[in-house]
Amino acid sequence: MKDRITGAKALMRALQAEGVKTIFGYPGGSIMPTYDALFDYTRGEKKVFDHILVRHEQAATHAAEGYARVSGEVGVALVTSGPGVTNTLTGIADAMLDSTPIVVIAGQVAISALGTDAFQEVDLVGVSQPISKWSYQIRHAEDVAWAVSRAFYIARSGRPGPVVLDFARNAQVEEIDWEPKKVDFIRSYVAYPKLDQDAVRQAAMLINNAQRPLALVGQGVELGHAQEELKAFLEKADIPAGRTMLGLSALPSNHPLNMGMLGMHGNYAVNLKEQECDVLIAIGMRFSDRVTGNLKTYAKQAKIIHLDIDKSEIDKNVKTDVAVIADCKESLPAITALLHQQSHQQWRDSFKPLDAQEREKVIEPAIHPKEGPLLMGEVVHAVAEQSPDDTVLVTDVGQNQLFATRYFKYHHYRSICTSGGLGTMGYGLPAAIGATFATKRMVCCFMGDGGFQMCIEELGTIMEQQAPVKMIILNNHYLGNVRQWQDMFWLRRKSFTKMMNPCYELIAKGYGIPYELVADRQTLAKAVERMITTDGPFILECVIKEEDNVLPMTPPGMNVSDMMLEI
């Protein structure tokens, strides 16, 4: 006799079959049958899932992103229709730009009511298609098992990304004979392109003949689980490497071939050397405008090798001489096998004078100031010095992100969660919550006063779950990054960037979260120690110099070689 169940229960079984352990969500009318089915899967001896009740649906998607980025698994968000799901669109777009595998499942009105402007009806498939890998409406219960399996296959395979399932209410309550499905092939979807051996040979030949090679390491290395393959590749040919912001933990900070962070606020030497190298090897990165600056002058002296799983990234921004389109876990060792053992000591040594300039003019004054108010860089440095080596760094967006990513240390893979392509303020706190459910490692979340207030309601989630997020608020009473740009490029006209902030101590007390305020550097180290050694969540508010600036900086639209060490 076949097992007859509702579509909502079929969803539970399908999620279980995909190995889902944690769901971030918020219930509502159109998803209520599914939440009723979920009840039995989150309790007792038959418990399958942890459901984390967030306080806003956008937070459900960011938490799912944080979970996915740290665990390497697919994050799941469950919400209702109408405003419930439109609140997730920012997180979906964020996941799309940063190649983060999440599946968002949303309730929908019954198909008999579609097109009638029914209560909380919205055309989710139409709205989400441009910002997702796949968006599909489940109209009948018999489609649940297939749709879920296909959704997870698309989300996690190839270049990962978000998938949206619009779950009609009638499909949730209809009964079907349960039959599991497994999708591992889609005729029109080539997740893993076949490696072109001729391209591999061309790439190896260029690298073998290079005098000044430089690798640009992106998040694709971590998405492809190719961290060890990357090290073998770099070490055999002695290739110095820069890392994009999302690729920072793909190569340990203390690796001798790590030359620092690429981009507008990255490290001085590695950015300038992009304009001197003779072969530039981009690995799992997309040549973002924040990395390249002015494309008309970017790396024109170099032969460009681009390794990427996504063919659409080839020649999109930077013209490629050799394109190796494949999973980098396959392409890197294939190229490495053809490389000569080399030494580029003179080329690597040429980075050192530029590194010394940055250390003298930027880094030392930022992390070891002798007087004046606290600086963001010294707070990040203080936290990094006392945190375990495998700590996960989560940031919000703005100056807090730029200082944190510059001055934290990365010794362990999958150690950074930050919003790169979309630059989503409010990302940090919910992403950090998601990260705590993905790992037992310490999670430190740096936020500005602006971004923190965009997601401050998630302190309720932390209170309920006792999620052990170490929250560091860098409070300068400004929207700091916008203020910096106003000062530099808009005649210091600070248009609506000054902020009046609440008493965070009272807010922390209301949520029962330990809190400490630091306003001077003499007490900073001890306060950080108390935060690190306190079990569970902690809020450390740091009163920061109001007009602290992030340097170095390549002004927008300028050449990479125009990077500034001072203003």
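Salt bridge E313/R286: absent, no basic N to carboxylate O contact under 4.0 Å. Using a 4.0 Å cut-off between a side-chain N of Lys or Arg and a carboxylate O of Asp or Glu, D278 and K303 do not qualify as a salt bridge. Between K329 and E228 there is no salt bridge, since no side-chain nitrogen of the basic residue lies less than 4.0 Å from a carboxylate oxygen of the acidic one.
For S149 (side chain) and V183 (main-chain N/O), a donor-acceptor pair under 3.5 Å exists by modelled atom type. Checked by atom type and distance alone, the side chain of R212 never pairs as donor or acceptor with a backbone atom of W347 at under 3.5 Å. Checked by atom type and distance alone, the side chain of Y410 never pairs as donor or acceptor with a backbone atom of T391 at under 3.5 Å. A donor-acceptor pair under 3.5 Å links the side-chain atoms of S71 to the main chain of E73, judged by distance alone. A donor-acceptor pair is defined here as one N or O able to donate and one able to accept, closer than 3.5 Å; no such pair exists between the side chain of T292 and the backbone of L295. Judged by distance alone, the side chain of R69 and the main-chain N or O of T418 form a donor-acceptor pair under 3.5 Å. With hydrogens and angles disregarded, no donor-acceptor distance shorter than 3.5 Å links the side chain of D390 to the backbone of R441. With hydrogens and angles ignored, the 3.5 Å screen pairs a side-chain donor or acceptor of Y192 with a backbone N or O of G158. A distance-only check finds no donor-acceptor pair linking the side chain of D349 to the backbone of H344 [under 3.5 Å]. In this structure, the side chain of S415 engages the main chain of H412 through a donor-acceptor pair within 3.5 Å.
Under the 4.5 Å side-chain criterion, counting only non-hydrogen atoms from C-beta, F403 is not in contact with F446.
With 3.5 Å as the limit, one finds no donor-acceptor pair spanning the side chains of T395 and N400. Side-chain atoms of N267 and E358 include a donor-acceptor pair closer than 3.5 Å. Side-chain N/O atoms of Q399 and Q484 include a donor and acceptor closer than 3.5 Å. Of the N and O atoms on the side chains of S128 and S135, at least one donor lies less than 3.5 Å from an acceptor on the other residue. Between the side chains of E222 and Y413, no donor-acceptor pair is found at a separation under 3.5 Å.
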**Request:** Tell me, with the steps shown, if S419 and M245 meet side chain to side chain contact (heavy atoms under 4.5 Å, CB included).
**Result:** CA-CA 9 Å; S419 174; M245 183 180 286; over 6 Å; no
**Request:** Give the intermediate values and the outcome of side chain to side chain contact (heavy atoms under 4.5 Å, CB included) for residues I239 and I281.
**Result:** CA-CA 9 Å; I239 302 172; I281 310 121; 4.1 Å; yes
**Item:** Test log, rule side chain to side chain contact (heavy atoms under 4.5 Å, CB included), inputs L248 and M261
**Value:** CA-CA 7 Å; L248 281 171; M261 184 170 77; 3.8 Å; yes
**Asked** Going through the distances and angles, do I532 and M442 end up as a side chain to side chain contact (heavy atoms under 4.5 Å, CB included)?
**Response** CA-CA 9 Å; I532 296 293; M442 182 171 288; 3.6 Å; yes
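Note on ring orientation: taking the six-membered ring where Trp is involved, the planes of W134 and Y136 are parallel (angle under 30°, cut-offs 30° and 60°). Using bins of under 30°, 30° to 60° and over 60° for the plane-to-plane angle, the ring pair W485/F489 lands in the perpendicular bin.
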For residues 554-567, which side-chain N or O atoms pair as donor and acceptor with protein atoms under 3.5 Å away, sequence neighbours left out?
from, atom 1, to, atom 2, distance (Å)
N559, OD1, N294, ND2, 3.1
N559, OD1, T297, OG1, 2.6
D562, OD2, N559, N, 3.2

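In this structure, CE on M471 lies 8.0 Å from CD1 on I433, to the nearest 0.5 angstrom. Rounded to the nearest 0.5 angstrom, R201 CZ and L338 CG are separated by 8.0 Å. K21 contributes atom NZ, which lies 12.5 Å from atom CG of L15 (distance to the nearest 0.5 angstrom). Here the CG atom belonging to L332 is positioned 5.0 Å from the CD1 atom belonging to I283, to the nearest 0.5 angstrom.
Among residues two or more places apart in sequence or in another chain, the salt bridge (charged side-chain N to carboxylate O under 4.0 Å, His left out) test is passed with K273 by E276.
Counting heavy atoms of neighbouring residues, nucleotides and ligands inside a 6.0 Å radius, atom CD of Q345 exceeds 12 of them. Counting heavy-atom neighbours within 6.0 Å of K311 NZ, excluding the residue itself, gives a total of 12 or less.
Proximity of the aromatic rings of F287 and H306 is defined here by a centroid distance below 6.0 angstrom, and this criterion is met. Aromatic rings from Y427 and H62 are positioned such that their centres are separated by under 6.0 Å.
Each of I325, D327, V324 was scored for a side-chain contact (heavy atoms from CB on, under 4.5 Å) with P193, with one residue passing: I325.
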